[in-house]
2 protein chains.
Amino acid sequence: MQTSRDEAIRKLIKVFRTYGYEGTTLSLISKMTGLGRASLYHHFPKGKQEMAQATLMHVHQQFCEIVLKPLQQETNPRDRLQGMCEGLNQFYDRGRAACLIAVFSLGGEENMFREPVKKALQEWIASLENVLREAGCDLPRERSREVVMQIQGGLMVARVLDDTTPFEQMLARFPERLLEETNF
Amino acid sequence: MQTSRDEAIRKLIKVFRTYGYEGTTLSLISKMTGLGRASLYHHFPKGKQEMAQATLMHVHQQFCEIVLKPLQQETNPRDRLQGMCEGLNQFYDRGRAACLIAVFSLGGEENMFREPVKKALQEWIASLENVLREAGCDLPRERSREVVMQIQGGLMVARVLDDTTPFEQMLARFPERLLEETNF
DNA sequence: GTCTATATAGGGATAGAC
DNA sequence: GTCTATCCCTATATAGAC
């Protein structure tokens with residue numbers, strides 16, 4: 001069966017999200033995607049590294065589109081926060097999907113994802129911070145970081161407990177809770 | 001140089017915390033601990049699996065002693081929460097040390113740590129829940145899960161941003177914030 | 001308890017036919 | 001774009017001397 005590079009990437013996402021970079025082997029990829037080694041190296045000549053990088057970039061694009069974009073709309077803060085939360089719910093499959101940023105953040109100095117992963121997190125925090133500041137939030141920087149921490153922790157707890165309710169509950173309460181301490 | 005099993009474990013902690021299970025190789029262990037392969041297999045005949053399991057058990061013991069024990073004291077809720085927070089600050093090295101529970105939670109069904117890791121998290125949530133309920137908290141179950149989520153997220157964010165202040169700030173605000181909505 | 005040497009499997013990666 | 005076959009390297013693990 002013919003497979004495009006983009007299809008390949010879509011299949012790779014789940015593998016890397018589940019097993020992390022080191023835990024993902026080419027055999028595993030082959031098994032889970034149904035693609036042979038030759039096909040994989042055809043699409044990604046530089047091998048596993050390139051597969052992971054392409055996957056990370058693809059997911060980052062999705063994230064920008066689904067989560068960040070709502071934050072940068074021209075509506076009122078409440079709607080923007082609401083939009084982000086809906087985006088997050090979708091992007092993380094209601095708590096079932098791990099965050100690649102978290103998954104790729106393991107390892108020492110030699111970790112090749114440190115920089116892009118750090119930038120992505122900072123980007124998110126900054127976008128959220130803008131909305132909160134505009135909403136009249138007291139400590140927008142602190143609050144935005146808190147939100148990100150809660151999301152990340154929620155994903156981890158959901159994965160370990162094999163139960164998405166904590167994540168969903170948290171997400172559901174978010175907009176109200178954040179806007180309580182503002183002018184809106 | 002002679003090394004006891006317990007010394008070996010103490011050195012292993014940092015390696016597994018940093019690189020995760022799959023990312024940790026025996027060569028890496030050898031390099032970071034200064035122990036040769038033969039010494040490692042002398043202490044842990046079943047190899048890497050046993051090293052990881054022994055490390056997890058050791059860390060879990062520490063966790064019970066430093067974090068859970070304060071929660072189970074016979075003092076008032078405020079002091080117990082305060083005790084937990086101080087314990088957490090120490091246990092996670094003010095945000096610099098990753099949580100083994102999180103680090104070992106990657107992988108699919110074949111992950112051998114799923115059960116112990118899940119139990120540890122449930123144990124923590126349950127202990128905290130008891131304190132919060134006793135303090136008159138409205139939704140002790142939800143709140144205790146939230147706390148755990150925030151801690152875990154805080155560790156992840158601190159690692160990625162390479163900055164522990166978010167973690168420390170969150171921890172500092174914890175007891176007050178939790179007790180706001182109670183009788184204490 | 002530690003060393004050196006070695007066995008065996010699986011990892012990532014490549015080549016050439018189709 | 002995919003298949004089969006194969007190479008090399010590193011990973012885990014073991015054996016026996018000290």
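Order of the sequence lines sets the chain letters (A, B, ...), proteins ahead of strands, with each chain counted from 1.
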Inset, instruction - May I ask you to decide whether B/R80 forms a salt bridge with B/E74, counting only side-chain N to carboxylate O separations under 4.0 Å? - result: no
Inset, instruction - Please figure out whether A/R37 or A/L40 has its closest DNA chain D nucleotide nearer the 5' end. - result: A/L40
Inset, instruction - Walk me through it: do B/F44 and B/Q53 pass the test side-chain contact (heavy atoms from CB on, under 4.5 Å)? - result: CA-CA 10 Å; B/F44 312 96; B/Q53 265 155 351; over 6 Å; no
Inset, instruction - Select base, sugar-phosphate, or nothing to describe what A/T24 touches, counting heavy atoms under 4.0 Å on all strands. - result: sugar-phosphate
Inset, instruction - Determine, stepwise, if the pair A/E168 / A/T164 fulfils side-chain hydrogen bond (donor to acceptor under 3.5 Å, both in side chains). - result: CA-CA 6 Å; A/E168 299 190 83; A/T164 61; 3.1 Å; yes
Inset, instruction - Report the distance from atom OH of A/Y21 to atom C1' of C/dG11, rounded to the nearest whole Å. - result: 12 Å
Inset, instruction - To the nearest Å, give me how far apart OH (A/Y41) and P (C/dG12) are. - result: 7 Å
Legend entry - Euclidean distance, atom CG of residue B/L26 to atom P of C/dG10 [Å, nearest integer]: 16 Å
Inset, instruction - Taking heavy atoms of chain A and a 4.0 Å limit, find me the 5'-most and 3'-most nucleotide of DNA chain D within that range. - result: D/dG1 to D/dT4
Legend entry - Gap between atoms NE2 and P, on B/H42 and C/dT4 respectively (whole Å): 17 Å
Inset, instruction - Identify whether any heavy atom of A/S4 sits under 4.0 Å from a base atom; if not, whether one sits that close to sugar-phosphate; answer base, sugar-phosphate or nothing. - result: nothing
Inset, instruction - Return no unless some side-chain N or O of A/S27 is found under 4.0 Å from OP1 or OP2 of C/dG10. - result: no
Inset, instruction - Please report, rounded to the nearest Å, how far the P atom of C/dT14 is from the NZ atom of A/K46. - result: 11 Å
Inset, instruction - Send over the distance from A/M112 CE to C/dG12 C1', rounded to a whole Å. - result: 13 Å
Inset, instruction - Inspect the contact between A/R173 and A/E180 and indicate whether a charged nitrogen and a carboxylate oxygen are less than 4.0 angstrom apart. - result: no
Inset, instruction - Report the C-alpha separation of B/S4 and B/D6 in whole Å, then their side-chain angles, then the decisive distance to 0.1 Å, and conclude whether the side-chain hydrogen bond (donor to acceptor under 3.5 Å, both in side chains) test is met. - result: CA-CA 5 Å; B/S4 74; B/D6 227 57; over 6 Å; no
Legend entry - salt_bridge(A/R133, A/E129) N-O dist < 4.0 Å: yes
